[in-house]
There are 2 protein chains.
Amino acid sequence: MKQDFQEICKKLNISPSITRKQIYNYLDGHRTHPTVDEIYHDLVVDLHTLSKTTVYNVLKLFIQHNLVNVINTTENEKRYEINDMKHSHFLCKICNKLYDIPQVTLSYDKNKLSGFSIEGEQVTLIGICPDCMKQKNIN
Amino acid sequence: MKQDFQEICKKLNISPSITRKQIYNYLDGHRTHPTVDEIYHDLVVDLHTLSKTTVYNVLKLFIQHNLVNVINTTENEKRYEINDMKHSHFLCKICNKLYDIPQVTLSYDKNKLSGFSIEGEQVTLIGICPDCMKQKNIN
DNA sequence: GTCCTTGCAAAGCGTTTGCACAGAA
DNA sequence: TTCTGTGCAAACGCTTTGCAAGGAC
């Protein structure tokens, strides 16, 4: 059930400014794990005075409130995604594209992890995506 | 069965220089996913003329030959580990320490991933480590 | 008035690149 | 000689910080 951004802000006790709403909607509409740069370049068209600093600020705020997740890719850049559905990731080692895939189920021996309090998980399968497999078969 | 660095180099057809051997041994003896900085500072004591560039160069070489893995943490730094045993990771969200844990078993619906060629996986459990749990209980 | 949001400019820092020197083959 | 390993210095690029201006309340 999708929540309105206004309601989300109300719950978290943060003000729903236009900039924040735009960034939230962008992440909601672009499930492609965009970088700060991508978010900035796409939004500055409408929000002419937008700065990257603000994008960083807003994302930081969202992360603090668990609205957004950071993903660390193999490159030196962070990618962002809305934190509204549990899922796993698939990283293509050819084109470096990061796909959302249905959540992978984990099983492990809890006895070997006694003392550890497990609260979350990050799973990334790595391989070659369908598009790159096609390219490979052509060449 | 541990292999000698000389043998490994012979197999990979790279020359076993002292610098390379030292960096390899360091990673072998420090299973703490060190950063380039940590490797550099610990090794420069003996290898007085060592530079970070060389550490980067050697690690790059090792990664190309699958001797070493890179781990992208939540901070803006890469961490390195020897690629000699399959295992999963546990990241403590309090102290940010990254632990090696026994490999977690994954299960997923292959039908939903048709077209994807899966060759590897990265699993990180996230939570609070035993040390930080103790601290928490004290305070 | 105070508090919060925004954003310019600069700094910070891990990493990469260019290039040159020295030793090995 | 050529090739390889090493390392200084500079550049690079993403991110963070300092601080100030404008708006909300």
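Note on naming: letters A, B, ... go to the chains in the order of the sequence lines (proteins, then strands), and numbering restarts at 1 for each one.
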S.K.: For chain A and DNA chain D, what are the first and last nucleotides along the strand, 5' to 3', with at least one atom under 4.0 angstrom from a heavy atom of the protein chain?
M.R.: dC14(D) to dT17(D)
S.K.: So what does K52(B) touch, heavy atoms closer than 4.0 Å: a base, only the sugar-phosphate, or nothing?
M.R.: nothing
S.K.: If the condition is salt bridge (charged side-chain N to carboxylate O under 4.0 Å, His left out), which residues does K52(A) pass it with, not counting sequence neighbours?
M.R.: D37(A)
S.K.: Between N57(A) and D37(A), which residue's closest nucleotide on DNA chain D lies nearer the 5′ terminus?
M.R.: D37(A)
S.K.: Within the structure shown, what part of the strands sits under 4.0 Å from T49(A) by heavy-atom distance: base, sugar-phosphate, or nothing?
M.R.: sugar-phosphate
S.K.: Just by distance, no angles: are the side chains of E81(B) and H30(B) close enough, under 3.5 Å, to form a donor-acceptor pair?
M.R.: no
S.K.: Which atoms form the tightest heavy-atom contact between T19(A) and T54(A), and what is the distance?
M.R.: CG2-CG2, 3.6 Å
S.K.: By the 4.0 Å heavy-atom rule, please label S17(A) as base, sugar-phosphate, or nothing.
M.R.: sugar-phosphate
S.K.: Strictly by salt bridge (charged side-chain N to carboxylate O under 4.0 Å, His left out), give each pair with a member in residues 88-115 of chain A just once, sequence neighbours left out.
M.R.: K93(A)-E119(B)
S.K.: Determine the interplanar angle of the H87(A) and H33(A) rings, folded into 0 to 90°, and report it as parallel if under 30°, tilted if 30 to 60°, perpendicular if over 60°.
M.R.: tilted
S.K.: Going by side-chain hydrogen bond (donor to acceptor under 3.5 Å, both in side chains), name the residues that satisfy it together with S17(A), two or more places apart in sequence or in a different chain.
M.R.: none
S.K.: Does T35(B) reach a base, just sugar-phosphate, or nothing at all? Heavy atoms under 4.0 Å.
M.R.: nothing
S.K.: With sequence neighbours excluded, what pairs up with E77(B) under the side-chain hydrogen bond (donor to acceptor under 3.5 Å, both in side chains) test?
M.R.: R79(B)
S.K.: Mapping Y80(B) and L47(A) onto DNA chain C by nearest heavy atom, which one lands closer to the 5' end?
M.R.: L47(A)
S.K.: Going 5' to 3' along DNA chain C, between which two nucleotides do contacts with chain B fall, using a heavy-atom cut-off of 4.0 Å?
M.R.: dG14(C) to dT17(C)
S.K.: Assess, by modelled atom type and distance only, whether the side chains of Y80(A) and N69(A) contain a donor and an acceptor separated by less than 3.5 Å.
M.R.: no
